[in-house]
Each structure stands twice: as C-alpha cells, then as structure tokens.
Amino acid sequence: MYKFIEKFQLDKYVSSYLILALDLVVSVGVTLFALFWADVIFVDFSYREFVLPLILASFVTSAISFMLLGVHKIIIRHSTLRELWKISVAVLCKGALMAGVLFAMLESDGVSSLPLMVGFVFDVLLTLVALIMVRIAMIVVYEVIKD
C-alpha cells in the first residue's frame, strides 16, 4: 500500500483541477438525472430534444459558479463544515444560471415552466447533496489510503 501511495504521491494534496473535474461531472450528471425525473413525473414534458444544449449549459454554468467561488480549492484534508457555504452558494448560482438558460430555451417553444421549476429545485438540492457526499467520500478514501 505504501508503494501505491508513493507512486501517486497521495501523501500530498489532491489536485484542485481533479476536484473541479469531478465536481463538473457530478453536476452535469445530476442535471440530467433531474431532467429525466421531471420527464417521468410530467407526462407531457419531454427534454430529449434539449439534451445536448442542456449538457453544455450545465457544464458552463457549473464551471462558472464553481470557479468563481473557488469550490475546487477546498482541500480534502482541511475540509470543514464552514466551507459548505461556498458549495451551497455555488450550487445556487449554477441553479439560477441554469434556470435562466432553460427559460430562454423553452420560452421560445411555448413549453410549460412547471416541469422546469420542479427540475430546477430537484437539480439544486440533489447537486448540493451530491457534492457534499463526494467531499465526504474523498475524505474517507484519503484517510483509508493514508492508514
């Protein structure tokens, strides 16, 4: 196990860009999951024709909000509950930007906004929970590897 730690230099900090990439993957995945469930709940709503623009919008809005607040610089070893406000604000910013993008995309098509609001709330809440769980998982994995 020690050779594994030496090989990947896990006794040092994990790259903040790796954390940013993981956060972006989680955020985009949660957006797609939220839209899938909005499609399941509301029979007359279909997001399938908007999948690629929504993936791009989720990626861009997540990247902007996460980098502006420096969420990816929260170091695993020193992660505390005090830093959750940055993650929370970043997720709310991502949600607000995504809501704007969704309304702009769907208003021109005359699609009902109720599924969007449900998807928006689900996306924000699930993204927040997912990012916190990723941070907790990183702390646990790091501690297991170090021991």
Side-chain angles (χ1 to χ4, degrees), residues 4-5 7-42 45-109 111-147:
F4 177 79
I5 292 172
K7 182 177 180 181
F8 291 102
Q9 297 180 347
L10 292 175
D11 57 335
K12 298 181 182 180
Y13 295 116
V14 174
S15 170
S16 63
Y17 295 112
L18 179 64
I19 295 171
L20 177 63
L22 183 62
D23 286 349
L24 291 174
V25 167
V26 167
S27 181
V28 170
V30 166
T31 298
L32 290 175
F33 184 74
L35 288 169
F36 168 76
W37 279 105
D39 185 33
V40 169
I41 294 169
F42 297 96
F45 175 70
S46 178
Y47 70 94
R48 288 179 181 90
E49 64 255 16
F50 303 109
V51 170
L52 289 178
L54 289 176
I55 289 173
L56 181 62
S58 179
F59 179 81
V60 170
T61 58
S62 298
I64 290 170
S65 62
F66 293 168
M67 289 193 315
L68 281 177
L69 288 166
V71 171
H72 62 288
K73 293 181 181 180
I74 297 174
I75 299 170
I76 293 173
R77 291 186 206 177
H78 302 106
S79 186
T80 63
L81 291 176
R82 289 181 301 190
E83 294 166 340
L84 288 181
W85 74 268
K86 283 186 179 181
I87 294 174
S88 301
V89 171
V91 169
L92 288 173
C93 288
K94 178 238 180 184
L97 291 171
M98 275 298 292
V101 168
L102 286 172
F103 282 123
M105 283 174 42
L106 299 178
E107 279 297 315
S108 62
D109 293 339
V111 177
S112 172
S113 62
L114 180 62
L116 293 179
M117 292 308 294
V118 171
F120 164 74
V121 170
F122 191 58
D123 182 24
V124 168
L125 294 175
L126 195 56
T127 301
L128 181 60
V129 170
L131 290 179
I132 291 170
M133 294 306 292
V134 164
R135 292 295 191 280
I136 291 170
M138 285 192 292
I139 293 168
V140 169
V141 167
Y142 183 79
E143 290 299 321
V144 166
I145 290 173
K146 284 298 285 181
D147 289 340

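Small disclaimer: the values here were computed from a predicted structure and weren't measured.
- With contacts defined as side-chain heavy-atom distances shorter than 4.5 Å, the pair Val26/Met133 does not qualify.
- The line from OG1 of Thr127 to NZ of Lys94 is 3.5 Å long, rounded to the nearest 0.5 Å.
- Enclosure of atom CZ in Phe59 is not indicated, since only 12 or fewer non-hydrogen atoms of other residues, nucleotides or ligands lie within 6.0 angstrom.
- A heavy-atom distance below 4.5 Å is found between the side chains of Ile87 and Leu128.
- Residues Met67 and Leu24 have side chains not in contact (no heavy-atom distance under 4.5 Å, counting atoms from C-beta outward).
- At a threshold of 4.5 Å between non-hydrogen side-chain atoms, the residues Phe66 and Leu131 count as touching.
- Between the Ser27 side chain and the Asp23 main chain, no donor and acceptor come within less than 3.5 Å of each other.
- Between the CG atom in Leu32 and the CD1 atom in Ile55 there is a gap of 4.5 Å [rounded to 0.5 Å].
- The CD1 atom of Ile64 sits 10.5 Å away from the SG atom of Cys93 when rounded to the nearest 0.5 Å.
- Across all non-hydrogen atoms, the minimal contact from Thr61 to Met98 is OG1-CG, 3.4 Å.
- Contact between Val124 and Gly95 at its shortest, heavy atoms only, is CG2-CA, 3.8 Å.
- Proximity of Val101 to Leu97: side-chain heavy atoms (C-beta onward) are nowhere separated by under 4.5 Å.
- With contacts defined as side-chain heavy-atom distances shorter than 4.5 Å, the pair Leu22/Leu18 does not qualify.
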